[in-house]
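Everything on this sheet refers to the single structure shown next.
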Protein chains: 2
Amino acid sequence: MAVTIKDIAKKVGVSPSTVSRVINGNAVISEETKKKIVSVMEELDYHPNSLARNLANGNAYAVGLVIDAQDEHTFSNAFFNRSVYAIETVAQNHGYNLLITNDRDMAGTSAVEKLVLEKKVDGIILPTSSVTVKLVKLLKDNNFPFVVLGEPRIDGKDVSWVDINNEMGSEIAVKHLKENGYKRVSILVENRKTVFARNRIEGYVKSVKAYGLAYSEEYIVDCGTEMERISSIIKDMLVRDNPPDAFLCSNNMIAYQVLKELKSQNISVPREIGLVTFDNYPIAEYMDPPLTVVDVDTFSLGEQAASTLLNKIRRVEQGNQQIAISPSLIERDSSKRGK
Amino acid sequence: MAVTIKDIAKKVGVSPSTVSRVINGNAVISEETKKKIVSVMEELDYHPNSLARNLANGNAYAVGLVIDAQDEHTFSNAFFNRSVYAIETVAQNHGYNLLITNDRDMAGTSAVEKLVLEKKVDGIILPTSSVTVKLVKLLKDNNFPFVVLGEPRIDGKDVSWVDINNEMGSEIAVKHLKENGYKRVSILVENRKTVFARNRIEGYVKSVKAYGLAYSEEYIVDCGTEMERISSIIKDMLVRDNPPDAFLCSNNMIAYQVLKELKSQNISVPREIGLVTFDNYPIAEYMDPPLTVVDVDTFSLGEQAASTLLNKIRRVEQGNQQIAISPSLIERDSSKRGK
DNA sequence: GCAATTCGTGCAAACGATTGCATAAAGGAG
DNA sequence: CTCCTTTATGCAATCGTTTGCACGAATTGC
């Protein structure tokens, strides 16, 4: 077996408690014994056993991150990487590890519930898709720290969450398009039912009206993810009266498809039609023309989520936090017609 | 405090050991007591405390996955998501949790070493980039289970690893190009120094020779990641004698850039020049023309890594495993000239 | 009908830390 | 010089499970 606190104690000739106190630095120990203990710890290559420590402290020193494997699009890859990195970094800095789990069902209790009830983590970060009334009740009943990634469909005011400011994202995009002389902006979202699509549409409507741009229900389109469908929607729109002269796309794939359709019709971007998309995938920069994007600092997203969670874990009073990360516009050619 | 095994024992009128044995199902307990215990567990909503269980068992019931935040390209996003999902799934199925960490240095010991020495995980999956002589020695000295994701630069035969069969990837790509009548295939890699680029080149050289296609050192190009550089390399190659009539690209971004350059020169793909790329990003399917790709089952990659690791954790004798996942070719238009 | 098994359960010692309380030694006040 | 703090350390319980050993009761074999 590995070397324990007792081995150290025996070798130095003190009690285990003293060694423990040196390790934790939470009591006054004479310089002399402290030095001896530290040197023996090094000599024997001692490392505290976290399993024992966790039990004694009643903490797992871990935070859980639930991922939704189904949901490959909303929690897209790019999001995932940077945010996870941020969460892990913040957690690590506070002495916590990051435990990742899928929210699958296993014999009655979900994996998430298990994590909570069996005390495998001290707090948890959930995607909105995992937020159910049942789970929230469980967490609240147990006074268990949690933070939602994305604005939840339910209980929005009663929980802490961190999200992208989608409304603002639309606003800066519309403002930019307006400043570049576009008059009839259409917004294409993947699924109108999601909270983030609703928020984007809301911001879009608000600023289209504020800037006195053309407004029509027909400009708000739920185009799904199927590429053929997107093409045919674009085709249809362009032959109607008052066709859009700009598109705000909810993601890079939609933008890519729109661009392809426009090219095939020999419509020039940005001269005839402008294009802005949410999300800054590596490829956006290299498209022809390079795409103007609404970019989100996903690192910051994860960072905020993790900090909020850790404050809850350490019982720092902060109430429920609703944090919306401001996106920024990266201006590229696809929307630059000048005035 | 939460309800414990003792509360159950007291209420039923048995000893804690009996309750424990019912939970673990590792001893003969009479049906009668078993039933009583189970019903009281449900009544009191008992859930075992994993911290205590871990200590008693000397297991963390967790596996560690080290990610390399630097290395955004080799461990690309797409890889990450599916593989992590697979690893988590396999781990979960065996009652293990997944702990993710960055390999950062913190006050002398690396985060990974901490995980191992403090027994926060029972086994670990490492990217090749984290494989150092020092770490491998530590792991081996402690007889600590680990598996490398990707073929390591060092100690390849002495450790277990799981990787994509990159050599084979090149082979099936070259074979396909040959069958479509291309004679002068060039391979573009991002960084010749990486093991996987070397393997791809090796497979490429082998099959180019085997199929009697044109071979020249000039067809093997380290093009880096900079888009302008890629364009100019392509330009250069096309004006030389015996210009390539097909490109095998090491990733989608390179392929995208090559395609762009060819289009700008009005060179038809696949009629004049064929294109095949490693990795199947969502966008590859929708490019114009859709790209033929060497696709890798990244789920299976993670799955194999996790299974191998879990076997080690459970001391199943298997020796060191070197597993190469076979890629497959998804034929699309960019390489289909017919014969 | 008696010895030898098998079955079901309890006791108590782990697992390796942490920590409240007690206490001896040292220092300070009067 | 005595009494009261303060300082440094030890004792032992605790965190919630697991598990080897023991032991009485029930079963089996002959």
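Numbers restart at 1 for each chain; the letters A, B, ... are given by sequence-line order, proteins then strands. The analysis underlying the following values was restricted to heavy atoms, covering all of them including side chains, and did not include hydrogens, waters or symmetry mates.
Nearest nucleotide to the side chain of B:Ile5, out of D:dC15, D:dT17, C:dA17: D:dT17. With C:dT19, C:dG16, D:dT17 as the candidates, the nucleotide lying closest to the side chain of A:Arg21 is C:dT19.
Within 4.0 Å (heavy atoms only), A:Ser17 reaches at least one base atom of the nucleic acid. Residue contacts shown for A:Thr33 are limited to sugar-phosphate atoms, with no base heavy atom under 4.0 Å away. Residue-level contact check: A:Ser20 touches the bases, meaning some heavy atom is under 4.0 Å from a base atom. Contact annotation for B:Asn54: no contact, since no heavy-atom pair falls under 4.0 Å across all strands. Using a 4.0 Å heavy-atom criterion, one finds that B:Lys6 contacts the bases of the nucleic acid, with or without backbone contacts as well. Using a 4.0 Å heavy-atom distance criterion, B:Val14 is classed as a sugar-phosphate-only contact. Here A:Ile29 lies in heavy-atom contact (under 4.0 Å) with sugar-phosphate atoms only.
When the side-chain nitrogen and oxygen atoms of B:Tyr46 are compared with OP1 and OP2 of D:dT17, one or more of them lie within a distance under 4.0 Å. Proximity of B:Asn24 to the phosphate of D:dT17: no side-chain N or O atom is located under 4.0 Å from OP1 or OP2. Considering only side-chain N and O atoms, A:Asn57 lies under 4.0 angstrom from the phosphate OP1 or OP2 of C:dT19. Put simply, A:Arg53 has no side-chain N or O that comes within less than 4.0 Å of OP1 or OP2 on C:dG16.
The pair A:Lys11-A:Glu43 meets the salt-bridge criterion, since a charged nitrogen lies less than 4.0 angstrom from a carboxylate oxygen.
To the nearest angstrom, C1' of D:dT9 lies 15 Å from CD of A:Glu31. We find that CD of B:Glu32 is positioned 13 Å from C1' of C:dT9, with the value rounded to whole Å. The interatomic distance linking A:Ile23 (CD1) with C:dT19 (P) rounds to 12 Å, in whole Å. Across the protein-nucleic acid pair, B:Lys120 atom NZ and C:dG16 atom P stand 16 Å apart, rounded to whole Å. When the P atom of D:dT18 is taken as reference, atom CG of A:Leu55 falls 12 Å away, rounded to whole Å. Between the CG atom of A:Asn59 and the P atom of C:dT18 there is a distance of 12 Å, rounded to whole Å. In this entry the distance linking CG of B:Asn49 with P of D:dG16 reads 6 Å, nearest Å. Atom CG in A:Asp7 sits about 11 Å away from atom P in C:dC15, given to the nearest Å.
Looking at B:Leu51 and B:Leu55, their side chains never come closer than 4.5 Å, going by heavy atoms from C-beta outward.
A residue-by-residue look at B:Ser15 and B:Ala52 shows that B:Ser15 has its nearest nucleotide of DNA chain C further toward the 5' end. Between B:Thr18 and A:Val19, the residue anchored closer to the 5' end of DNA chain C is B:Thr18, taking for each the nucleotide with the nearest heavy atom.
Between the side chain of B:Asn59 and the backbone N or O of B:Tyr61 there is no donor-acceptor pair closer than 3.5 Å. Looking at B:Thr128, its side chain never comes within 3.5 Å of a backbone N or O of B:Gly150 through a donor-acceptor pair. Judged by distance alone, with hydrogens and angles left aside, the side-chain atoms of A:Thr298 form no donor-acceptor pair with the main-chain N or O of A:Ser83 at under 3.5 Å.
A pairwise comparison of heavy atoms in B:Tyr96 and B:Val63 identifies CD2-CG1, 4.1 Å as the closest pair.
On a pure distance criterion of 3.5 Å, no polar donor-acceptor pair joins the side chain of B:Thr4 and the base of D:dC15.
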